[in-house]
Amino acid sequence: MPVYVLRRLAQTLLVLFVTSALVFGGLYLVGDPVEILVNPQADQEERARTAAALGLDRPALEQYGIFLKGAFTGDLGKSFVFGRPALQVILERMPATLELAFLAMLMSLGLGIPLGLYAGLRPHGFAARTIMAGSILGFSLPTFWVGLLLIMVFAVQLGWLPSTGRGPTTELLGLQISILTWEGLRYALLPALNLALFKLSLIIRLTRAQVREQSLLDYMRFARAKGLPRRRVIGVHLLKNILIPLITVIGLELGSVIAFAVVTETIFAWPGMGKLVIDSIFQLDRPVVVAYLLVTVFMFILINLLVDLLYSLLDPRVRISEAKG
Amino acid sequence: MSAVLPATVPAPQTPFRRFLEEFFDSKLATLGFALLAAIVLVALFAPFIAPHNPYDLAKLDLMDSRLAPGEQGLGGASYVLGTDGQGRDMLSAILYGLRVSLYVGVVSGIIALTLGALTGVLAAYAGGRVEQFVMRVVDIQLGFPAILVALILLAVLGRGVDKIIIALVCVQWAYYARTARSAALVERGKEYIEAARGLGLSGTRIVLRHLLPNALPPLIVVGTVQVAHAIALEATLSFLGLGLPSTEPSLGLLIANGYEYLMSGRYWISFYPGLALLATILAINLVGDQLRDVLNPRLAK
Amino acid sequence: MTALLQVEGLVTEYSGREGRLRAVDGVDFSLARGEVLGLVGESGSGKSVTGLSIMGLVDAPGRVAGGSVKFDGRELVGLAEEDLRRLRGKRIAMIFQDPMMTLNPVLSIETQMLETVLAHDAVPRAEARRRAIEALGLVGIASPEERLRQYPHQFSGGMRQRVVIAIALLHRPDVIIADEPTTALDVTVQGQILYEMQRLVRETGAALLWITHDLAVVAGLADRVAVMYAGRIVEQGSAAEVLDAPLHPYTRGLLDSVPAANAAGGRLRQIPGMTPSLAHLPPGCAFRERCGHADGACSSVPEITLRAARQVRCHHPL
Amino acid sequence: MRLRVLLAGLALALPLQAQELNIGLSTPVTTMDPHFHNLTPNNSIAKHIFETLVGQDDQQALKPGLAESWKALDDTTWEIKLRKNVRWHDGSPFTAEDVLATLKRIPNVPNSPASFAIYTRPIADAKATDPHTVVLQTRAPHPLLPNDLATIHIISAKMAGMGTPDYNSGKAVNGTGPYRFGEYVSGDRVVLVANDKYYGARPAFAKVRFRMITNSAARVAALLAGDVQMIEAVPTADIARLKKDARVALASTVSNRVIYLHMDSGRERNSPFVTDAAGKPMEANPLRDPRVRKAISKMIDRNAIASRIMEGEARPAGQFLPETFHGTSKRLSPEKYDPDGAKTLLAAAGYPGVFGLTLHTPNNRYINDEKIAQAVAQFLTRGGIPTKVDAMPSAVFFSRGSKLEFSFLLAGWGAGTGENSSPLRSLVATFDRSLGNGAANRGRFSDAGVDAMIHTALTTIDDTKRGLMLAAATDKALGELTGVIPLHYEVSTWGVKKGLAYKARVDQYTLAHEVRMTK
């Protein structure tokens with residue numbers, strides 16, 4: 001197993017390198033950051049000064065070379081906008097996004113699996129059809145639209161939850177976390193729900209499809225023939241078999257939830273890194289965008305690795321083949 | 001379980017007719033199909049059905065902007081679903097928008113599915129280094145958050161239907177590849193593939209006749225979700241100011257344009273396009289669900 | 001012998017696109033303590049559904065639509081699910097055809113055995129474990145303690161079926177319904193399992209309903225034989241009599257198509273025609289279109305007639 | 001950056017107090033260093049904590065700030081008298097040393113993406129003649145020095161050596177203004193607390209929390225939900241509804257920002273987005289002809305755009321700045337909607353119905369920018385010039401625009417100094433790197449007469465004379481030559497909870513110390 005992990009980490013480095021080159025090149029092509037950073041009143045001299053101060057007066061390849069050199073020592077450059085190390089800017093915003101993604105994932109799993117189970121076990125009932133219709137609603141409505149609707153209903157009309165922003169935070173292992181207190185959680189509920197909606201639909205559908213397939217298999221019948229209570233047949237025999245394929249999806253989706261936070265954070269004024277990166281793209285703050293992508297890609301690969309490990313933990317069949325390979 | 005219907009039953013009709021019969025067995029699926037057919041027809045013939053041409057700038061009148069549904073404009077024209085901020089007839093815009101959205105969603109979906117399914121199945125078939133390499137590329141692609149790839153790509157490419165299709169294919173193919181590979185992987189391990197290899201069947205034949213069909217049901221599930229996702233993603237990109245040119249709006253873009261009017265009570269500017277989007281995605285999913293059930297040999301009764 | 005399991009007029013229907021189908025259409029038989037009954041038929045004849053109907057395991061869109069199943073004097077049709085559950089695995093056990101599919105792939109053998117013990121008896125885990133090990137030993141699995149910790153995929157097909165049998169035997173059930181448990185296995189393994197089953201039934205005194213399409217298996221195992229065709233039992237009697245001198249043309253046909261019964265090098269005899277779809281059964285005797293003896297009388301459904309200790313459902317018994 | 005989490009958290013949990021004000025900002029504040037990034041939201045926050053020598057009222061008229069008075073001793077020498085009773089937040093007195101330290105720091109802020117050096121560059125020398133008098137020497141006659149000084153936030157000499165990180169953490173933030181630094185969470189909020197020892201009017205709120213809510217619909221929702229009591233940049237779509245809402249009051253004023261069209265009047269041939277009527281590239285560049293530009297101007301119904309697209313939140317423009325500003329023309333009024341006149345002019349120029357255009361516009365920079373462009377295209381297409389719209393994010397737009405990749409573009413200009421010389425010099429003066437002229441002249445309009453007038457005006461110290469010259473330059477550049485086509489002035493609107501009042505400002509700053517309680 002350690003060899004396997006090491007090999008994956010080595011591949012990760014390669015991936016990160018490719019990522020950085022692509023994004024660097026891409027953003028270089030989009031436009032000149034100086035144009036967007038300087039005050040409109042600035043004259044040509046001030047523009048030249050800005051370009052020089054940010055190292056933008058050098059050829060693109062040289063700029064990338066400088067970036068690479070720094071990257072090897074863990075320095076991903078300074079944000080044009082904030083004038084601070086890009087990595088620091090990102091890491092500062094990361095807990096906010098992670099807690100939102102975590103909460104959203106929790107919601108979509110906590111609701112999606114039971115609902116999907118139900119819809120799969122009683123596929124022809126009224127409730128199941130309602131659940132499935134609802135799930136279609138969940139991924140056909142654009143996130144931004146639903147987001148505003150949630151704000152209008154729960155904050156403006158009903159006044160139950162705060163409309164925007166992040167609540168008070170408490171420190172946990174050196175990170176600022178807001179969802180540990182009820183007050184903080186109140187702020188996180190709407191954005192997390194907004195973010196969860198799409199995944200919730202996906203999980204419901206996947207779970208249902210899995211349930212429908214698995215419940216026809218003989219092991220399910222045998223479990224009942226053994227006289228096991230229904231609770232155990234579904235809760236252990238069925239669920240464990242469903243969870244295995246779901247784990248892969250969940251791993252994938254966690255990454256995409258983090259990325260999709262971009263939209264939700266914009267609407268709910270959630271100070272996470274998604275909102276930061278949108279601003280950074282529009283301001284051509286290249287160091288931040290590159291650092292963000294490196295961080296998320298790294299995180300994603302890490303999640304993937306964890307999923308693979310978890311997978312082999314859950315599925316005895318994989319454990320063996322992994323040992324062989 | 002030994003089947004209730006004996007497998008040796010004489011086929012009373014061609015497989016295709018059987019497929020049709022099974023497909024239309026469900027009322028819901030029939031409804032979905034009818035809805036989808038209607039939507040596709042409406043989209044195809046939008047220029048003949050639509051009361052106005054929403055793309056013709058010379059025909060738009062700013063003075064008719066933001067009319068409520070049913071209100072009459074200055075020129076005497078009446079607008080069943082109202083007008084948007086530019087004085088564009090919403091009904092016509094929705095009809096034309098359907099066209100754009102379907103085109104973008106379906107074309108990008110088909111290209112991505114073909115590309116993804118082929119790479120995924122080939123990876124599963126080839127195994128070893130090829131598989132490792134392909135799956136690593138897929139991981140890289142999936143590691144890039146879809147919306148960000150699209151954002152940067154579109155920032156570089158600019159706006160346009162072709163550009164958004166490129167962006168959507170780029171962010172979607174990996175999902176299909178991954179799904180196809182894992183489905184094919186399960187099949188690859190099965191005895192009949194060993195047998196097929198043993199029989200000396202060619203690689204292409206095994207891939208095309210055995211691996212691909214078995215990978216199809218999960219691909220269709222992913223596909224129906226992804227087409228819907230593509231249409232919604234396109235709307236989101238438009239919301240963020242990228243995507244399609246605003247003078248030729250898709251449904252998503254119409255919703256995005258109407259977004260700012262939501263708070264002000266001018267609901268129709270984004271509500272009706274939203275309804276159309278919902279109907280489209282609903283229809284696609286109803287059809288997709290039934291397709292999956294009918295095509296899935298394990299679910300067949 | 002008093003009947004432990006008494007099945008009378010059992011009807012199981014499936015509702016589908018083509019209307020309601022009777023997969024089991026008025027089946028009667030009984031099973032006595034310690035007896036082995038072979039239920040024989042082609043695939044699709046309804047024999048598996050009969051087994052499931054007894055267990056109360058028929059899933060939607062199917063349902064037991066009529067008749068009665070009495071177990072030890074107690075009516076099972078219409079019994080509350082919880083009461084049925086208490087019987088399943090405890091007093092009536094079932095073994096399925098494909099051992100590769102019967103065991104849950106992601107749970108260890110230990111989990112799958114212990115849960116069966118604990119579902120019916122409130123005993124400490126250690127006791128449940130002891131019973132599991134004992135059951136594994138009983139079916140001839142070497143070093144059972146070690147194998148207990150393993151997962152299904154670490155077992156060969158034959159070994160898995162032994163595990164399944166061990167699970168079925170955990171509570172020393174009164175009735176075991178075995179649905180083609182050897183069909184999916186290699187011939188040599190098949191022989192071993194058959195031998196074990198026979199031995200175990202004799203040791204535990206359980207009654208056995210052995211569902212199969214293989215007459216050769218029945219010949220060596222069963223005390224009595226019932227032959228099913230298109231949802232109905234067409235012939236029933238002691239194994240020796242039915243196999244030696246079948247009364248129903250269908251039984252005859254089945255016997256003739258067993259390779260051993262044919263002279264070496266000679267042409268294999270077959271039943272003409274195909275098994276009909278339940279949806280397109282001919283009116284009257286279901287076998288009539290494939291039967292050499294069919295005439296006008298066969299357009300009405302034949303009643304069961306008794307001949308000594310044998311039953312046959314035919315207008316023209318051989 | 002240290003987060004005063006618990007404190008803020010408790011405050012959020014409490015019911016709203018009269019002494020607390022929550023404001024929803026439309027753009028993120030990126031730093032607490034008043035000299036790091038010359039950006040409206042940053043300057044707006046800085047104005048609470050720091051002060052400038054010269055102040056500006058809500059109409060950008062100059063008024064005393066930290067300086068009691070200023071006067072030009074000669075063409076290049078200015079004497080500035082400082083206010084005497086001012087103390088820094090840390091208690092130390094404010095003196096001329098602080099001013100000198102500030103002027104020295106401004107050009108030397110490392111990594112600054114947009115420095116304030118454009119305002120200090122004209123100053124050749126600065127010295128203190130006594131603790132409360134500063135004498136500034138300019139390189140050339142520079143009449144706009146007081147306007148420039150109105151943008152420079154004075155920091156205490158003690159903190160001049162501190163870097164931007166120290167400001168962001170709050171360690172170095174030491175001002176003289178009505179509010180003191182409380183907390184800054186990047187991308188989320190800025191919290192300020194009242195400076196009770198302020199020499200001027202005491203601020204009405206003990207604590208002000210600025211929250212960055214960039215999405216405009218969400219900002220309105222936050223106001224309606226009561227999460228904030230004030231928002232800036234109320235979106236035009238919601239104005240009508242908010243006007244009717246008894247819970248809120250609106251404050252608005254015409255701003256100093258004009259939305260205009262720039263045309264490629266530089267290239268003689270092969271302007272990239274000028275096509276013939278069929279959409280094929282065209283060699284001739286009709287946009288060089290002032291009559292064509294005038295015709296385009298006449299095709300546009302500014303009132304329709306103001307009322308329909310902007311929902312009344314704009315005023316049709318005839319020049320760069322509303323007439324109340326210094327140096328504006330008294331003769332120019334918004335071009336009348338006159339499609340027939342336009343046709344006549346086009347015919348006279350020899351281009352009736354022979355060419356088409358693509359109008360490039362940013363889609364996230366100005367209020368309704370993309371929609372205005374669509375409306376313009378609508379009018380032009382109907383007027384006989386088939387026009388397409390290509391909208392893009394401002395990052396792409398300005399990069400391409402400055403590389404002269406467009407033929408016809410929509411942009412906006414806010415006169416930061418509050419004087420007409422700013423747009424004249426940047427938009428219509430001939431592009432000249434050494435003079436710093438025409439930096440935003442993306443149409444490369446050039447006219448020697450206009451250049452000469454601007455140059456003279458910029459070296460004339462006398463305000464009245466300079467004003468007349470600027471007005472004359474405007475008449476020529478816009479009225480006569482139509483160097484750019486002004487469309488409208490944006491109206492800036494703030495929304496406040498009933499019971500509060502805000503005097504809307506032309507410079508679009510949101511200043512908490514200008515918010516009053518009405519009951």
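These figures come from a predicted structure and were not determined experimentally. Here is the naming used below: chain letters follow the sequence lines, and residue numbers restart at 1 for every chain.
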Hey, does the side chain of [X] reach the backbone of [Y] with a donor-acceptor pair shorter than 3.5 angstrom?
X        : Y         : answer
Gln44(A) : Asn437(D) : yes
Glu35(A) : Val396(D) : no
Asn38(D) : Asn39(A)  : no

Residues Arg121(D), Asp43(A): salt bridge by 4.0 Å N-O rule: yes
Nearest heavy atoms of Pro40(A) and Arg365(D), plus distance in Å: CG-NH2, 4.4 Å
Minimum-distance pair of heavy atoms, taken over all atoms of Ala53(A) and Ser112(D): CB-O, 4.3 Å
Working for side chain to side chain contact (heavy atoms under 4.5 Å, CB included), residues Glu46(A) and Phe116(D): CA-CA 9 Å; Glu46(A) 165 64 10; Phe116(D) 289 73; over 6 Å; no
Stepwise side chain to side chain contact (heavy atoms under 4.5 Å, CB included) test for Thr214(D) and Lys275(A): CA-CA 10 Å; Thr214(D) 49; Lys275(A) 188 156 167 288; 3.6 Å; yes
Neighbour count above 12 (heavy atom, 6.0 Å) for Arg433(D) CZ: no
Taking every non-hydrogen pair under 4.5 Å, which of [options] racks up the most with chain A?
options                                    : value
Gly414(D), Ser115(D), Gly163(D), Ala222(D) : Ser115(D)
Thr40(D), Leu223(D), Val109(D), Asp432(D)  : Asp432(D)
Asp33(D), Leu224(D), Ile213(D)             : Ile213(D)
Ser216(D), Ala221(D), Pro393(D)            : Ala221(D)

Measure distances from [X] to the heavy atoms of chain D and classify the residue's part below 4.5 Å as side chain, backbone, both or neither.
X         : answer
Ile36(A)  : side chain
Leu276(A) : neither
Phe80(A)  : backbone

CA sep, side-chain torsions, deciding dist, call: Arg93(A), Asp188(D), side chain to side chain contact (heavy atoms under 4.5 Å, CB included): CA-CA 10 Å; Arg93(A) 301 275 195 100; Asp188(D) 187 21; over 6 Å; no
Residue pair Ser402(D) / Asp32(A), side-chain heavy-atom distance below 4.5 Å: no
